[in-house]
Amino acid sequence: VPINFKDKFLFLEEVEEGTLGEFWYNFTSDYDSTRHAERNHRFLTINMNGKFVDYIGEVGKTDSMYYYLHDHVRAMGDISSGVVIQKLADGSGIDYHLIKNRLLAMVLIMAIAEPMEKPRKR
């Protein structure tokens, strides 16, 4: 995980709530049904009605990767780092000098979740 859970949410608490809401929903899961135990995990999921989804749709009118990503987000209801990695696997790379690609990288990095259970050290 590129940014650990605690640091990620400390950073996100510094972002204005209205701005954050244009990208994500921030919600807490209090119950783990697999272990029948209470937990307090925070998650980010893309805000389907936020400006970021509209933005990638607009960029997708002239950029095939963003068209593909917007189509995927609309179909799946969330954003997946794997989808972008798969799209970039053709070797074309991505130009991080472009603001649109920097913004996408930030959204993808923040969307990566930590594993629910950390492996025990032996």
Side-chain angles (χ1 to χ4, degrees):
V1 177
I3 301 173
N4 75 39
F5 175 84
K6 183 179 176 184
D7 292 341
K8 176 173 36 177
F9 283 98
L10 282 174
F11 167 77
L12 291 173
E13 286 172 6
E14 298 297 319
V15 176
E16 187 176 308
E17 190 173 330
T19 301
L20 187 68
E22 295 301 339
F23 291 91
W24 300 288
Y25 286 119
N26 175 8
F27 65 93
T28 304
S29 172
D30 293 324
Y31 188 74
D32 178 359
S33 61
T34 60
R35 295 192 179 263
H36 304 289
E38 293 215 13
R39 300 211 175 213
N40 191 14
H41 289 288
R42 293 172 73 183
F43 297 91
L44 290 177
T45 189
I46 200 77
N47 180 353
M48 295 300 295
N49 299 312
K51 289 182 182 176
F52 181 70
V53 173
D54 294 341
Y55 172 74
I56 60 175
E58 208 44 49
V59 174
K61 291 178 181 178
T62 58
D63 185 310
S64 64
M65 182 181 76
Y66 283 84
Y67 176 85
Y68 175 79
L69 179 62
H70 185 258
D71 192 46
H72 176 80
V73 167
R74 280 293 188 208
M76 302 305 292
D78 205 354
I79 196 162
S80 166
S81 300
V83 168
V84 175
I85 291 168
Q86 179 183 359
K87 193 67 178 165
L88 296 175
D90 66 3
S92 63
I94 189 166
D95 182 357
Y96 290 105
H97 292 99
L98 301 175
I99 297 295
K100 66 180 182 180
N101 295 336
R102 288 182 191 183
L103 184 60
L104 177 60
M106 183 273 307
V107 168
L108 293 172
I109 289 169
M110 294 306 240
I112 296 171
E114 271 191 86
M116 295 293 272
E117 296 288 332
K118 297 207 180 200
R120 294 182 191 177
K121 293 183 181 181
R122 295 180 185 211

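Bear in mind that the values here come from a model prediction, so they are computed numbers and not experimental data.
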dist Leu69:CG -> Asp63:CG (nearest 0.5 Å) comes out at 10.0 Å
CD1 of Ile99 to CZ of Arg102: how many Å apart, nearest 0.5 Å? 5.0 Å
Is it true that a side-chain atom of Glu22 and a backbone atom of Lys51 form a donor plus acceptor pair closer than 3.5 Å? yes
For Asp95, the side-chain hydrogen bond (donor to acceptor under 3.5 Å, both in side chains) test, sequence neighbours excluded, returns His97
Linking I/L/V/M/F/W/Y whenever their side-chain heavy atoms sit closer than 4.5 Å, directly or via other members, would Tyr68 and Leu98 fall into one cluster? no
Classify the side-chain pair Asn101/Tyr66 by whether it contains a donor and acceptor separated by less than 3.5 Å. yes
Assigning hydrophobic clusters by single linkage (Ile, Leu, Val, Met, Phe, Trp, Tyr; side-chain heavy-atom cutoff under 4.5 Å), is Ile56 placed with Leu20? yes
Would you name the heavy atoms of Met48 and Val73 that are closest together and state the gap between them? CE-O, 3.3 Å
If two hydrophobic side chains count as joined below 4.5 Å and joins carry through other members, does Met76 share a cluster with Ile79? no
Heavy atoms, side chains only, cut-off 4.5 Å: are Lys100 and Tyr55 in contact? yes
Applying ring-ring contact (aromatic ring centres under 6.0 Å, His included), name anything that partners Phe52, two or more places apart in sequence or on another chain. Phe23
What I'd like to find out is whether the side chain of Val53 reaches to under 4.5 Å of the side chain of His70, using heavy atoms alone. yes
Asp78 to Ile46 - nearest heavy-atom pair and separation: OD1-N, 3.1 Å
Less than 4.5 Å apart, side chain to side chain, heavy atoms only: is that true for Tyr67 and Val59? no
